[in-house]
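A short worksheet on the structure shown next.
Each chain gets a letter, A, B and so on, in the order its sequence line appears, and its residues count up from 1.
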There are 2 protein chains.
Amino acid sequence: MDTKHKLIAAAERVFDRHGFTATGMDRLTAEAGMSSRTLYKHAGSKTALMQAVLAERERRFMARLDVSGVDAIFVALAEWVHTEGARGCLFLRTLGETGADLPVLADAVMAHKAAFRERVAEIVAAEVGEETAAGLSEQILVLIEGATAAAVYRGPDAVAAARAAAATLIDGARR
Amino acid sequence: MDTKHKLIAAAERVFDRHGFTATGMDRLTAEAGMSSRTLYKHAGSKTALMQAVLAERERRFMARLDVSGVDAIFVALAEWVHTEGARGCLFLRTLGETGADLPVLADAVMAHKAAFRERVAEIVAAEVGEETAAGLSEQILVLIEGATAAAVYRGPDAVAAARAAAATLIDGARR
DNA sequence: TGAAATGTAAAACGATCGTTTTACATTTCG
DNA sequence: CGAAATGTAAAACGATCGTTTTACATTTCA
């Protein structure tokens with residue numbers, strides 16, 4: 001059981017830094033410190049391994065989204081960028097790499113984004129009320145995605161700017 | 001000369017829809033309707049072809065950014081999504097696919113993003129003045145990136161939300 | 001004790017990768 | 001006219017792809 005988690009953690013690092021398609025199995029076995037036989041016993045296939053990586057990523061990301069205010073979302077995002085770096089959303093990157101050619105991964109990405117959007121809507125609704133939240137939560141969603149994307153070349157400044165913009169928008173919606 | 005442009009246009013379509021790494025030369029030659037010998041005569045290599053694609057993409061994208069107000073940026077973005085679809089920023093996707101493993105492409109992406117950021121700053125400054133623009137243009141930048149990313153799974157709604165958010169932020173900065 | 005489970009190391013599988021080469025047809029233009 | 005330029009079609013290059021297999025070592029536990 002420890003072997004599988006070690007594999008997924010190693011695969012997440014390598015896929016995140018070098019991309020899914022460009023990463024060969026030899027690099028995965030080397031990084032995970034195990035033979036290819038063991039890797040395939042646990043993962044099944046390269047695509048299934050990426051599936052497992054996305055599932056683990058979703059678990060970890062959603063745990064950070066367990067907050068009770070919009071501002072806290074951006075604090076959490078700033079922490080994420082600080083500890084894990086900024087290479088863009090792994091889900092959208094995976095979708096972008098494979099397009100619709102690997103439906104299993106495309107479905108996982110879309111399911112994650114639906115859950116993510118739902119969670120953001122809940123947080124916004126709790127802060128400004130159901131009726132105001134309708135249009136506002138989509139704006140907050142865009143700010144989170146934008147901070148994630150822009151942080152690739154702007155670093156923490158992008159997250160800070162998104163945080164400030166969100167505060168302005170929330171403040172405007174309150175009155 | 002027409003051959004080269006036909007090649008680049010075909011390569012842009014294929015790379016955009018199926019990714020850079022996952023696309024083989026056979027798919028490129030088929031889509032461009034030419035032999036691999038001719039392709040290599042004009043492009044040099046797969047990486048150089050992607051370089052040319054990014055240069056063409058930048059030319060076309062920057063032409064759309066030739067507007068004189070922040071709101072017009074989002075109108076242009078909405079048009080782009082309508083005519084070309086939403087598969088995310090090709091520059092960031094390319095960077096995400098290859099990481100730092102192909103410095104030529106990474107450099108092209110960073111150079112484009114610097115120019116893009118500069119252009120956005122100019123547009124914002126023209127609208128609210130130099131001193132107010134400092135912090136605000138980074139927020140607008142985040143909104144554009146966010147609309148581009150979120151449009152992958154939210155479609156035109158993401159652009160509309162970003163446009164509304166930008167209007168609110170600009171309005172707040174004016175007074 | 002001994003069989004089942006779990007691991008490693010390494011060779012091999014056919015397929016496909018990006019690229020070059022060989023052989024030949026057509027067009028361009030001094 | 002005739003050579004240079006530009007194209008196609010297709011085979012071949014060595015390398016690497018994702019995956020399976022063979023052979024063997026170690027641990028687990030009824």
Counting side-chain heavy atoms from C-beta on, which of [options] comes nearest to [X]?
X	options	value
B:T38	D:dT8, C:dA9, C:dG18	D:dT8
B:M34	D:dT8, C:dT19, C:dG7	D:dT8
B:Y40	C:dT19, C:dT8, D:dT8	C:dT19
B:M25	D:dA23, D:dG7, C:dG18	C:dG18

Is there a donor and acceptor pair, one atom on the side chain of A:R37 and one on the base of C:dT6, closer than 3.5 Å? no
Does A:S36 contact D:dT20 through a side-chain donor or acceptor facing the base, at a distance under 3.5 Å? yes
Indicate yes or no for a side-chain donor-acceptor contact from A:R93 to the backbone of A:D16 under 3.5 Å, with no hydrogens or angles considered. yes
Could you state the [atom1]-[atom2] distance from [X] to [N], rounded to the nearest angstrom?
X	N	atom1	atom2	result
A:K41	C:dA4	NZ	P	15 Å
A:H42	C:dT6	NE2	C1'	8 Å
A:L28	D:dG18	CG	C1'	11 Å
B:F20	C:dC17	CZ	P	13 Å
A:D26	C:dA11	CG	C1'	15 Å
B:D2	D:dA5	CG	P	20 Å
B:L39	D:dT6	CG	P	16 Å
B:K46	C:dT19	NZ	P	8 Å

Assign B:T23 to base, sugar-phosphate, or nothing according to its heavy-atom contacts below 4.0 angstrom with the strands shown. sugar-phosphate
Would you indicate what B:G33 reaches in the nucleic acid, counting non-hydrogen atoms under 4.0 angstrom: base, sugar-phosphate, or nothing? sugar-phosphate
Establish, for the pair B:K46 and B:F20, whether the NZ or CZ atom is under 6.0 angstrom from the six-membered ring centre and no further than 45 degrees off its axis. yes
State the pairing partner of D:dA23; accept Watson-Crick or G-U wobble contacts with both distances under 3.5 Å, and report none otherwise. C:dT8
Is C:dA3 paired to anything, Watson-Crick or G-U wobble with both distances less than 3.5 Å, and if yes, which nucleotide? D:dT28
Quick one: closest heavy-atom pair of A:L77 and A:A147, and the distance? CD2-CB, 3.8 Å
Between B:E56 and B:K4, is there a salt bridge with N-O shorter than 4.0 Å? no
Return no unless some side-chain N or O of B:S45 is found under 4.0 Å from OP1 or OP2 of C:dG18. no
Exactly one candidate in A:E31, A:E12, A:R87 meets side-chain contact (heavy atoms from CB on, under 4.5 Å) with A:R17; the answer is A:R87
